[in-house]
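To start, the structure itself, in structure tokens.
Values reported hereafter were calculated over all heavy atoms of this structure, with side chains retained and with hydrogens, waters and symmetry mates removed. Order of appearance sets the numbers: ligands from 1, and atoms from 1 within every ligand. Only a predicted model underlies this, so the values are computations on that prediction, with no experimental measurement involved.
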Amino acid sequence: MQNNQDLGLQDLALQDKQLIKNFSYINGSWHSSESQIVVTNPANGNEVAHISNAGVVETELAVKAAKDALKMWSAKSANERASLLRNWFNLMMQHQDDLGRILTVEQGKPLAEAKGEIAYGAAFIEWFAEEGKRVYGDVIPGPSGDKRIIVIKQPVGVVASITPWNFPNAMIARKAAAALAAGCTFVVRPATQTPLSALAMAELAERAGIPAGVFNVVVGDDSRGMGKVLTQHPDVAKFTFTGSTPVGKTLISQCASTVKKVSMELGGNAPFVVFDDADIDAAVQGAMVSKYRNAGQTCVCTNRIFVQKGVLEQFTEKFTAAVAALSIGDGLADGVSIGPMISSDAVNDVDKLVADSLAAGATLVLGGKRDSAGDNFYQPTILTGVTNDMPIACNEIFGPVSPIIAFDNEAEVIALANDTEYGLAAYFYSRDIGRIWRVAEGLEYGMVGINEGIISNAAAPFGGVKQSGNGREGSKYGLDDYLEIKYLCMGGLDK
Ligand code: SIN
């Protein structure tokens, strides 16, 4: 196997080069395979790492390791698990800079944003380390004097997961931290575009003292074969996925054969609504962060901007000036605020959505084409005159394009915002308290940002309704997906 240090990673100036790993991490050891997958930097197409290509056999080994470790891990006290998770959190934060650089080089987001993702991911580990201590049961009055009803909560068992390339650290941390805190063991197959962050997390989990078999990472390009093991293996009790709705549907159906508990964080089509009474500067700021974070490649990114006609001109002018000031380039370069998209195919998809919407009558205000920075760069783009039935409004864009749709009144915009099969995140700006309650309650979404463009954090329940998925990640509710409720009926008490 080629030495990864020869592939351009030396330019990263890592303080701890041991964070770069080439192998899957199974049962506490690093597994090599004959073939390799190549990781490339989306900013320039350079090869940055060669990783052993694991497959079905290694995935089965990882499930077995997780199964074998389950008894030992679930028997530990919540305090013991919390202390190991706390070590892991500390190590992630100590290596935030290195982990951020690794993330930028494989995923593309600007370094400051990548370091922000490391802190975001680590925050879930810290949060669940604490929350795991509060898995309370219940005592329920019985239906007759001789009975007592007691409820206890127990770990579901082995958890398998598939995680996406857009948050190579945080989407693993958000799932693994909750699973491990609940007493479950964990196997993850990270996206093949971004395995380095996952493997660096495994290295730090080992240093944190998390026992062999509790946290396993299998990297490989046999998505179908590995996916089948993770969704159909009888020893996997729960499956969790973050990714697109079509893939999520397939995975849910595969989980049916063994009736697994599932949680799904799927696609979105987030409306961002600006009412006449909004603070327009705040709305522009909120639209910027909710749209252009990660070059528009998040499930909660604003997908449609609805602006009430009275402030349409003012909002569009200020928003266009802010978007035009974004600086596009390699995420490792100073001052860059928007990096590449993940691949040239992703750029083609966005470009087609823009072209089709222009053909359907939208107007181009800014951008609208590939950027000269490289094959994977797309210019931050604004379209006006968009209607809710145009391709750019009906599809999850997953790129740096803002379609602006004008509206007249509150009832109309609630109906337009809800007119989608998705229901993940929504945002709106208003200063009228009556309207704030009406709109917040009327939006059919799992999360609503009110005068706020960044809603994700470890203390909040992240998740969607409709075809955006089920289950919640983060917050006190995030543990529920990794716990089973067991009811104990104690009888014969009056004898
Ligand atoms: C996602 O895009 O799937 C996650 C975004 C977030 O956690 O804010």
**Report entry** Distance filter under 4.0 Å to T242 heavy atoms, resulting ligand 1 atoms
**Finding:** 3 (O)
Query raised in the report: Heavy-atom contact under 4.0 Å between M171 and ligand 1?
Result: yes
Query raised in the report: Can you list the atoms of ligand 1 that are under 4.0 Å from a heavy atom of C299?
Result: 1 (C), 2 (O), 3 (O)
Query raised in the report: Which ligand 1 atoms are under 4.0 Å away from a heavy-atom of R174?
Result: 4 (C), 7 (O)
Requested in this report: Number the atoms of ligand 1 from 1 as they appear, then name those within less than 4.0 Å of a heavy atom of T298, with their elements.
Outcome: 2 (O)
Query raised in the report: Parallel, tilted or perpendicular: which fits the ring planes of F275 and F407, with parallel below 30° and perpendicular above 60°?
Result: perpendicular
Query - Closest protein heavy atom to atom 5 (C) of ligand 1, given as residue, atom name and distance to 0.1 Å - result: F167 CE1, 3.6 Å
Query raised in the report: Of the backbone atoms (N, CA, C, O) and the side-chain heavy atoms from C-beta on, which set of R293 has a member under 4.0 Å from an atom of ligand 1: side chain, backbone, both, or neither?
Result: side chain
Report task. Could you list which atoms of ligand 1 come closer than 4.0 Å to a heavy atom of F462? Result -> 4 (C), 5 (C), 6 (C), 7 (O), 8 (O)
Query raised in the report: With a 4.5 Å heavy-atom cut-off, do Y378 and V401 have their side chains touching?
Result: yes
Query raised in the report: Is I455 touching ligand 1 with its side chain, its backbone, both, or neither, if touching means heavy atoms under 4.0 Å apart?
Result: neither
Requested in this report: Report the residue from F306, Y429, Y445, F428 that forms a ring-ring contact (aromatic ring centres under 6.0 Å, His included) with F272.
Outcome: Y429
Report summary line: In this structure, CG of N87 is separated from CD1 of I210 (nearest 0.5 Å) by 8.0 Å
Query raised in the report: Do S263 and Y482 have side-chain atoms, one donor and one acceptor, less than 3.5 Å apart?
Result: no
Requested in this report: Name the orientation class of the two ring planes belonging to F398 and W165 (parallel below 30°, tilted from 30 to 60°, perpendicular beyond 60°).
Outcome: perpendicular
Query raised in the report: If we only count N/O pairs under 3.5 Å, is S456 in contact with ligand 1?
Result: yes
Query raised in the report: With distance as the sole criterion, is a donor-acceptor pair present between the side chains of S343 and D345 under 3.5 Å?
Result: no
Query raised in the report: Which residue supplies the protein heavy atom nearest to atom 3 (O) of ligand 1, what is that atom called, and how far is it?
Result: E265 OE1, 3.0 Å
Report summary line: For N166, the atoms of ligand 1 under 4.0 Å from one of its heavy atoms are 1 (C), 2 (O)
Query raised in the report: Less than 4.5 Å apart, any side-chain heavy atom of E421 and any of K466?
Result: no
Report task. Quick one: look up the protein heavy atom nearest atom 7 (O) of ligand 1 and list residue, atom name and how far away it is. Result -> Y120 OH, 2.6 Å
Query raised in the report: Do we see a donor-acceptor contact under 3.5 Å between the side chains of N269 and N303?
Result: yes
